[in-house]
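Proteins come first, then strands; the chains are lettered A, B, ... in the order of their sequence lines, and each starts at number 1.
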Amino acid sequence: MAVNAIELKNVSMRFGKDSKDVVKNVSIKIPENSFVTVLGTSGSGKTTLIKLINRLYEATSGEIFFFGKNIRELNVENYRRQIGYVIQQSGLFPHMTVEQNVAVIPKMLKWDEKRTQSRVDELLKLVRLPPAVFKNRFPSQLSGGQQQRVGIARALAANPSVLLMDEPFGALDAITRQKLQAEILEIQKRFRKTILFVTHDVHEAFKLGERTVIMKGGEIQQYDTPYNILFHPANEFVRRIVSSENFVEKLRVLRASSIVHPSDGIEAPDAPSVNAGDTLLDVLDQFLTTNAAAVLVTDKQGGLLGRITWEQFRLIPGRPDSEIYRGATLRAVKGVRQG
Amino acid sequence: MIYKVIQYISTHADRFTDALETHLLLSGITMVLVILLAVPLGILCAKKESFEAPIMHVVNALKVLPVLVLIVVMLPLLGVGFLPALVALLLQAIPIIVINTYSGFKNIDPGVLESAVGMGLSKKTIFWKVEFPLAMPLILTGIRIGAIDVIAGAMLASYIGGGGLGDFIVNGIDHSDHVMLMVGSIPIAFIAVVVDISLALVQRHLSRYQRS
């Protein structure tokens, strides 16, 4: 059974005594190593939700668990150090250099100089900021995208298992945002982090999240895979949120891994292939340009995960309940293969 | 003229160094006390809402009083001499430093503080490593302005027997003696300029991160 990195049980929160709940009776489980996005308009309580998790706010009622432990029973500062926190305004310390910013938590944990140094270099390389160039710069000398990269490096410094990200790319231009989205996906997979990512952008929510929480008025409207949200909206509100997406748009935000089927082992040698992280639009593109009967889905290293046949693909819009969708996450498919 | 000023100083070296010493001592002690008093007051205002309004009202009222008025008011309260002059100068310099310290802390980007708390820094660490350094440039501006005011204001101490370089100036005015006036005013101007430049350099260093 999957371990839950974070679990909320009947959590409510209000600011003043007489005001109404900003978060209303929310119960949710975030499994370890999953990428969950929280989608909602402003005032939906999505930011409050993640601030409750790192205890910037205290829940008025209900309980929150971090790997099974009630967070109220943990030392709040120690607990927060196990969670990386990235916000939209980057929150970098303007009087510290990039290096000093990233080294804040390692220094506090009393790592020795050498270990801190190599960790800083490693992280800056990971977020594609060559240490030699950027280490000694101040945040004011960086672009918005670079600042967010430092923000991510800083959040990862002490190797936390969980990252909370509050609209981290909301203030960036489209191109930078896309680059950073791809990079955070890669970081999440490579280091097996649990990420809870708040956004108001439908595309971003579905592109990044294995599962998405849709919030409105402090309540969870639906917590499901992008596929199910797009094709089985739980209520009128969710339907409205995703209805603006036409079919092609829906394909654009769904990943190939969401409908991949186990391969039966007999594949055409010239069958086209896509990456598990590519979208269904890429899959469609392959079908339309190659005339193949099936498109293979591979992982990053080129290993075969499964395939999508044209028949299966055609079932997507019309019969969402059909056998085609199995709620397959990458791991589940891998499991089938190995079993 | 300059020659006469130098000549006067060399022939009255004892009197001059005494006055200079008193002047520096008066300004120096005032500045040390005012920093010890005004910076914590400013922090208190910024941190505790219940203190904000009362302290700020008093400070703003104090700000509009000219230093000469403060010095004269000290006469019936504390008599003449060094102490009343010190108190008057203290009251003169407090407002600007309290206000600047307060603004220094209040102007910190809330996002910076939010991520500091969110990443698990303790209150103490946040205060000393984040808030204080970020408020420092503005606090230093306050100290700079305060120091110049005090150095110049210390001249008025002479009116209530506080001594200092003001003695020469008051004498010079009384006797329409321009040389005497210069003996008092040139060193005061010189000290003020040197202090201002030194503090400006420190400030420049501390806020180097703001220049991109």
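Glu204(A) and Thr199(A) share a side-chain donor-acceptor pair at under 3.5 Å. In the model, Asp166(A) has a side-chain atom that pairs as donor or acceptor with a side-chain atom of Thr47(A) under 3.5 Å. Gln117(A) and Glu99(A) share a side-chain donor-acceptor pair at under 3.5 Å.
Residue contact with chain B, scored on non-hydrogen atoms closer than 4.5 Å, involves the side chain of Val104(A) exclusively. Neither the backbone nor the side chain of Arg55(A) comes within contact range of chain B, judged by heavy atoms closer than 4.5 Å. Interface remark: Leu56(A) contributes side-chain atoms only to the contact with chain B (heavy atom separation under 4.5 Å).
For the atom pair CD1 of Ile188(B) and CG of Leu165(B), the computed distance is 5.0 Å after rounding to the nearest 0.5 Å.
Residue with the most contacts toward chain B among Ala155(A), Gly91(A), Ala157(A), Ala158(A): Gly91(A) (heavy-atom pairs, distance under 4.5 Å). Ranked by heavy-atom pairs under 4.5 Å with chain B, the first of Gly84(A), Pro94(A), Ser90(A), Pro160(A) is Pro94(A). Most heavy-atom pairs under 4.5 Å with chain A: of the set Ala116(B), Gly118(B), Ser207(B), Pro137(B), this distinction falls to Gly118(B). When the candidates Asp109(B), Thr125(B), Leu121(B) are compared by the number of heavy-atom contacts under 4.5 Å with chain A, Leu121(B) comes out ahead. Chain B forms more heavy-atom pairs under 4.5 Å with one residue of Met96(A), Gln88(A), Met108(A), Gln82(A) than with any other, namely Met108(A). Per-residue counts of heavy-atom pairs under 4.5 Å with chain B were compared for Asn54(A), Thr97(A), Ile105(A); the largest is that of Ile105(A).
Judged by a 6.0 Å distance limit and a 45° cone about the ring axis, Arg72(A) is not positioned over the six-membered ring of Phe65(A).
Within the 3.5 Å criterion, the main-chain N or O of Ile30(A) finds no donor-acceptor partner in the side chain of Ser34(A).
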**OP:** Decide yes or no on side-chain hydrogen bond (donor to acceptor under 3.5 Å, both in side chains) for Lys193(A) and Asn159(A), but give the supporting numbers first.
**Re:** CA-CA 9 Å; Lys193(A) 300 286 179 203; Asn159(A) 203 16; 2.6 Å; yes
